[in-house]
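My structure is below; once you've seen it, I'll send some questions.
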Amino acid sequence: MKLMRLITWNVNSLRARLPRVLALLERHQPDVVCLQETKVTDDLFPRAELEAAGYQSLAHGQRTYNGVAILSKVAPRESGRGLDDDSDDEQARLVWARFEGLTAISAYVPNGSEVGSEKWEYKLSWLARARSLLDRRFDRGEPLALCGDLNVAPEARDVHDPDRWAESVLFHSAARDALAQVRAWGLVDAFRLHHEEGGLFSWWDYRMLAFPKNHGLRIDHVLVTEPLAKRSRDAFIDRQERKGKQASDHAPVVVDFEG
DNA sequence: ATGGTTGCTTAGCAA
């Protein structure tokens, strides 16, 4: 049975991570890859190197911060950049592509810095604007995956120490509620269709030996509509990718779909 | 308890 493999990964600089991205493509042979924190303008995007590896690039980047992209074996039929509303927001945090049998959205939700800060308010409003984009531009009846570093751990089992993280921007109830409003559009967590247990994380702080201690959070997600959920066959987090020198602080999340 | 690390860009910010 033919499987379609989808990966989401916050690379924390595509140029710094390019050798690891190329190795990931070789190792997993994904059909579509959603990247976040590429930190590169579109004119400097390593398009040629990725094309040599057999992938098309759809980039939406900026200098130093943010930046998202979608890599794919086939060209998308349709694509778009940004939240497509009337704000003058210049942060490059969302790109989407429609393929035969899959619409993929690569999103880098704002971290939020500190609860109560301006960046925190931006995070909450960004999530509301993302919900509005789904309402306006997409159909919950289409096979769609909202992928990315959503910077929210949905549940206590997604956090190594929920009490300690309860007031943090990554696990605060207001952030969880805002993400729940996005999901309420009609999305389910593809990873949780295949794994119930806690202790499975996608991000570990570079500091304090967080990775060897497994002091992590599950903040990178593949959220899918019902037609895609039905086709979901497996999901896993590629923890190997977090090991060694020049690792991103995030691990890729891999999901396989039928067809 | 405010440590510790990485990346971009060059000393300070963001995560």
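Every chain is numbered from 1 and lettered A, B, ... according to where its sequence line falls, protein lines coming before strand lines.
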Distance, rounded to the nearest Å, where L18(A) contributes CG and dG7(B) contributes P: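 Distance, rounded to whole Å: 14 Å.
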
About how many Å separate CZ of F236(A) and NE2 of H195(A), when rounded to the nearest 0.5 Å?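 It comes to 8.5 Å.
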
Suppose you measure atom C1' in dA15(B) against the same atom in dT2(B); what distance do you get, rounded to whole Å? 15 Å

Roughly, in whole Å, what's the span from CD in E37(A) to P in dA15(B)?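 In whole Å, dA15(B) P lies 7 Å from E37(A) CD.
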
Ionic contact status for D158(A) with R192(A), cut-off 4.0 Å: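 Between D158(A) and R192(A) there is a salt bridge, with a charged N closer than 4.0 Å to a carboxylate O.
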
Are any of the side-chain nitrogens in R242(A) or D249(A) under 4.0 Å away from the carboxylate oxygens of its partner?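 Not counted as a salt bridge, because no side-chain N and carboxylate O are separated by less than 4.0 Å.
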
Between N111(A) and L14(A), whichever has its closest DNA chain B nucleotide further toward 5' is L14(A)

Roughly how many Å is it from CZ in F171(A) to P in dA15(B), rounded to a whole number? 21 Å

Ionic contact status for E241(A) with R20(A), cut-off 4.0 Å: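 Judged by the 4.0 Å cut-off on N to carboxylate O distance, R20(A) and E241(A) do form a salt bridge.
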
Regarding R176(A) and the six-membered ring of F171(A), is the cationic atom NZ or CZ under 6.0 Å from the ring centre and inside 45° of its axis? yes

Please report the distance separating the C1' of dG12(B) from the corresponding atom of dA1(B), rounded so that it comes out in whole Å.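 That atom pair is separated by 24 Å.
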
What integer distance in Å separates R207(A):CZ from dA15(B):C1'?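 Computing the R207(A):CZ to dA15(B):C1' distance gives 7 Å.
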
When you check the phosphate oxygens OP1 and OP2 of dT6(B), does a side-chain N or O of R17(A) lie under 4.0 Å from one of them?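 Looking at the OP1 and OP2 atoms of dT6(B), neither is under 4.0 Å from any side-chain N or O of R17(A).
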
Options dC8(B), dT5(B), dA1(B), nucleotide nearest the side-chain atoms of K39(A): dC8(B)

When rounded to the nearest Å, what value does the distance between P atoms of dG3(B) and dC13(B) take? 14 Å

Interatomic distance at P, dC8(B) relative to dG4(B), whole Å: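 Result for the P pair: 23 Å, nearest Å.
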
Describe the nucleic acid contact of Y108(A) in one word from base, sugar-phosphate, nothing, applying a heavy-atom distance below 4.0 Å. sugar-phosphate

Please report the distance, rounded to the nearest Å, between CZ in R93(A) and C1' in dA14(B).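 The answer, rounded to whole Å, is 10 Å.
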
N12(A) or M208(A), whichever maps to the more 5' nucleotide of DNA chain B: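 Comparing both residues, the 5'-ward one is M208(A).
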
Quickly work out the W204(A) CH2 to dT6(B) C1' distance and round it to whole Å.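 My rounded result for the distance is 16 Å.
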
Please report the distance, rounded to the nearest Å, between CG in N10(A) and P in dG7(B). 12 Å

CH2 of W203(A) versus P of dT6(B): gap in Å, rounded? 14 Å

